[in-house]
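All remarks here apply to the structure that follows.
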Amino acid sequence: MTASAVLYRVRAASACDIPRLGGQRLWEQSPLSALPMYRQAVRQMPEAVAVCALGLWGASVRGLDGGRVSLSLGSRYGMRCVGQLMSLILRTGGRAELDPLLFAYFSPQVVTAVVSQRLSLDGETCTLVGEAADLHALQAGTRLLFLNRSDLAIVGAWDFPDLIRADSGGYEAGPGVPMPDPGAAHIFLVDRFPASRAGALRDTKDDVIGYTSKPRWIAHRDMTAEAVESLVSGEWGIPMKTISAIYVQRSAAAEDSPVIRACESLNGAVVRVSSSPGLSSLQVMKDKIETASGSRWLIIGEQEGGGCIIAFNAGREALNA
Amino acid sequence: MTPTGSPVAVTGIGVVSPAGTGAEDLWCALRTGGTRSEPVRHFDTAGARVQRANIIPGEQSRQGAADRTLELLLRSCRQAMSDSGTSPDTGVGLIVASTENSGRVRRTADRSDPGEWPGLSTSMVGGAAFALGLDGPRFLVSSASASGGLAVGLAREMINAGEIRAALVVGAESVVETAFMGLDALRILSRDGCRPFAKGRTGITASEAACALFLEPVDRVMDGRAKIHARIVGYGCSNHSSSLTASDTAGITRSISRALDDAGLTPDNIDFVNAHGTGTRQGDDAEVAALRDVFGDRLGQVAIVGSKGVLGHCQGAAGIIEALATILSLVHRRLPVSHRSDPVDTRWPDLDVVLAEREAPDIEFGLSVSCGLGGVHTALVIGRAEAPS
């Protein structure tokens, strides 16, 4: 690693399986026949994400000023399900059947709000929606650390799937591509390495499970093997030959991928492709950071319209090696 | 005080709103109040308490079209890019603010059908980038009514972090069935229209708009290549609330204090506030309490303008169009009327709500406040094009 490289410690990671709340798989029920269950699930979902975050918060943080903790959350679909539920209620029962509080869950901001409330956070925040929103959220959190606008970044992603698509013949992320594990969240605590403020977090390294770079945007047209190598080796100070795998989160709409072509021409790295445009990047980050020892990898999220966002992640041993 | 962030220049503006097309129409309406609500015709409002909204003129035939919001977004973006003299280039980020979550679910015999569910959250951001020839980072901010303020703040941070060389920030929102009926169900739509800070205020008027700002680092436009309308000198954000539906005084106060710290200014430097001013009883109460916390005894010397009396509540676009209203005040050195605010709530005799247009040749800094459901609050400190000596 070069002295100029700036990396961020990933303190912890967790996940929750939202659709199993209440012991039933919600998505196997038709919204028309199970409206009360759907309404309940909509209310439970932000709480489930908050519980997920609260577990990490309690375990890792002591006495930090909530105003210096940022919260950046991404979601592929946001609360589209609530809009659809409202539309369905209006079609079937009219305005009189519309529960006033359902609208409080209309914006994906509700998840950010509930997490903030439960953790008593008061720092900068953002709620992002769309393809690669998970990596954009990671970027937003690390950006605030980089600019010294926060001491700790909580970043994460959640998804609560498209209800109507589930009801109308199967939930798909794209043509022929099933959406895995609908309804889940991944939350990370991230701070600077080395820490920008002594004592901001507990001074133990046991719960540091890995490291990440600040994600960087590269346009499709500039997405060449040379550009990736320049970023990884030059800017991040990571020898490209030490990257063991590249995970590409494909855009559902993209037919051809210059990202994959570029990655395949990089020496040595194994390219693995995910067709799910949801929160799979952070899912990869969670799974691999926890299981990989001594390995480094890249995560690339494609977006429709030409573009991608890229991050480096490594297990703790990789950095120490 | 030392600023914690660097200012960015607003070099391009574009807007499509119930006031018309372009910044001149907007400024004219802000001065004269030349908008009015009209009956919503593009979806069934049967059973709703309120059936009127502020609609963009000449748009009735396009209402309800699946791609209408994208079209509005593109119109405002093209104005802003043209105004800035910018051609599509690398390194320009596209940050879209919207809360739009709408479509029309069809129902067949015993199943629901996706029908059309365009939303802005998925393909529209990519579609907009493609149509505008932008290949920089792009994403959608969806933080309720604070989305616009957040998008401007994020764009400024991205420029300050060196991630992009410029940003096109755009808020876009149409009056759509789900949001309109949801607001009606929450009973915050007003039958009488929005009256910010007025004694008889009863809620908001649903509205729609697309508004775009082109942002660049100040030092890159000092060569005279581009004119500067204004500078975004400070940004503050807070997510603090004990309620999912109510504004929070402490959260608003904190966002304003952070924006002032970020700008390296004190409350004494602020000449006027373009308030969020929804015209709801609780929302305006919380905002006035926050302004009192920030400005203290000086509150009576700070002019307050509420734009929603004329524009209505443009939801995800509100933060950007109200930032533009703040910019136009600085450009024209006039404070427009806070329409329909007269008489002001008698509990606030010291509040200087602008009830008649004022010349303001000496104004230097304005504050634009946005608040969203769920307790997210933003504040932007906006300065005149030329930095004070």
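Per chain, numbering begins at 1; letters A, B, ... match sequence-line order.
Side-chain N/O atoms of B:Glu173 and B:Thr99 include a donor and acceptor closer than 3.5 Å. No side-chain donor-acceptor contact under 3.5 Å links B:Ser147 and B:Ser142. With hydrogens and angles left out, the side-chain atoms of B:Arg254 and B:Asn239 include no donor and acceptor closer than 3.5 Å.
Counting heavy-atom pairs closer than 4.5 Å to chain A, the top-ranked of the candidates B:Leu373, B:Thr378, B:Thr4, B:Leu186 is B:Leu186. With respect to chain A, the highest number of heavy-atom pairs below 4.5 Å among B:Ser255, B:Ser238, B:Ala250 belongs to B:Ser238. Among B:Leu154, B:Thr45, B:Asp262, the residue making the largest number of heavy-atom pairs under 4.5 Å with chain A is B:Asp262. Ranked by non-hydrogen atom pairs under 4.5 Å with chain B, the options A:Gly123, A:Ala140, A:Cys308 are led by A:Gly123. Between chain B and the residues A:Pro108, A:Pro46, A:Ala104, A:Gly94, the most heavy-atom pairs under 4.5 angstrom are made by A:Pro108. Each of B:His240, B:Arg258, B:Met158, B:Arg187 has some count of heavy-atom pairs under 4.5 Å with chain A, and the biggest count is that of B:Arg258. Chain A forms more heavy-atom pairs under 4.5 Å with one residue of B:Asp135, B:Asp184, B:Leu183 than with any other, namely B:Asp135. The candidate from B:Ala129, B:Gly5, B:Ala161 with the greatest count of non-hydrogen atom pairs under 4.5 Å with chain A is B:Ala161.
Interface remark: B:Leu244 contributes backbone and side-chain atoms alike to the contact with chain A (heavy atom separation under 4.5 Å). Both the backbone and the side chain of B:Arg138 come within contact range of chain A, each with at least one heavy atom under 4.5 Å from a heavy atom of that chain. With a 4.5 Å cut-off on non-hydrogen atoms, A:Thr127 touches chain B through its backbone and its side chain both. Of the two parts of B:Ser243, only the backbone, made up of N, CA, C and O, holds a non-hydrogen atom closer than 4.5 Å to a non-hydrogen atom of chain A. If you measure heavy-atom distances from B:Ala144 to chain A, the contacts under 4.5 Å come from both the backbone and the side chain. Within the 4.5 angstrom heavy-atom criterion, no atom of A:Leu102 approaches chain B. When heavy atoms are compared at a cutoff of 4.5 Å, A:Ser116 approaches chain B solely by way of its side chain, counted from C-beta outward. Contacts of A:Glu124 with chain B are made by both backbone and side-chain atoms, with heavy-atom separations under 4.5 Å. Of the atoms belonging to B:Ile164, not a single heavy atom falls under 4.5 Å from chain A. For chain B, no part of A:Ile218 is nearby; none of its heavy atoms comes within less than 4.5 Å. Contacts of B:Ala46 with chain A are made by backbone atoms alone, with heavy-atom separations under 4.5 Å and no side-chain atom involved. For B:Glu163, the part lying under 4.5 angstrom from a heavy atom of chain A is the side chain only. With a 4.5 Å cut-off on non-hydrogen atoms, B:Ser143 touches chain A through its backbone and its side chain both.
At least one cation-pi condition fails for A:Lys214 and A:Tyr8: the charged atom is not both under 6.0 angstrom from the six-membered ring centre and inside a 45 degree cone around its axis.
A:Ile310 has its side chain out of reach of A:Pro215: every pair of non-hydrogen atoms, C-beta onward, lies at least 4.5 Å apart. Proximity of B:Pro137 to A:Ile309: side-chain heavy atoms (C-beta onward) are nowhere separated by under 4.5 Å. Using a 4.5 Å cut-off on side-chain heavy atoms (C-beta onward), A:Tyr105 and A:Met45 make no contact. Side-chain atoms of B:Leu150 and B:Cys237, non-hydrogen and from C-beta on, do get closer than 4.5 Å to each other. Counting heavy atoms from C-beta outward, A:Glu302 and A:His220 have side chains that approach closer than 4.5 Å.
Note on ring orientation: taking the six-membered ring where Trp is involved, the planes of A:Trp217 and A:His136 are parallel (angle under 30°, cut-offs 30° and 60°).
Here B:Asp44 does not pair with A:Arg91 in a salt bridge; the nearest charged N to carboxylate O distance is not below 4.0 Å. The residues A:Arg118 and A:Glu47 are annotated as salt-bridged, a charged nitrogen and a carboxylate oxygen being separated by less than 4.0 angstrom.
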Next on the checklist: Walk me through whether B:Val176 and B:His42 qualify under side-chain contact (heavy atoms from CB on, under 4.5 Å).
Outcome noted: CA-CA 9 Å; B:Val176 296; B:His42 58 288; 5.9 Å; no

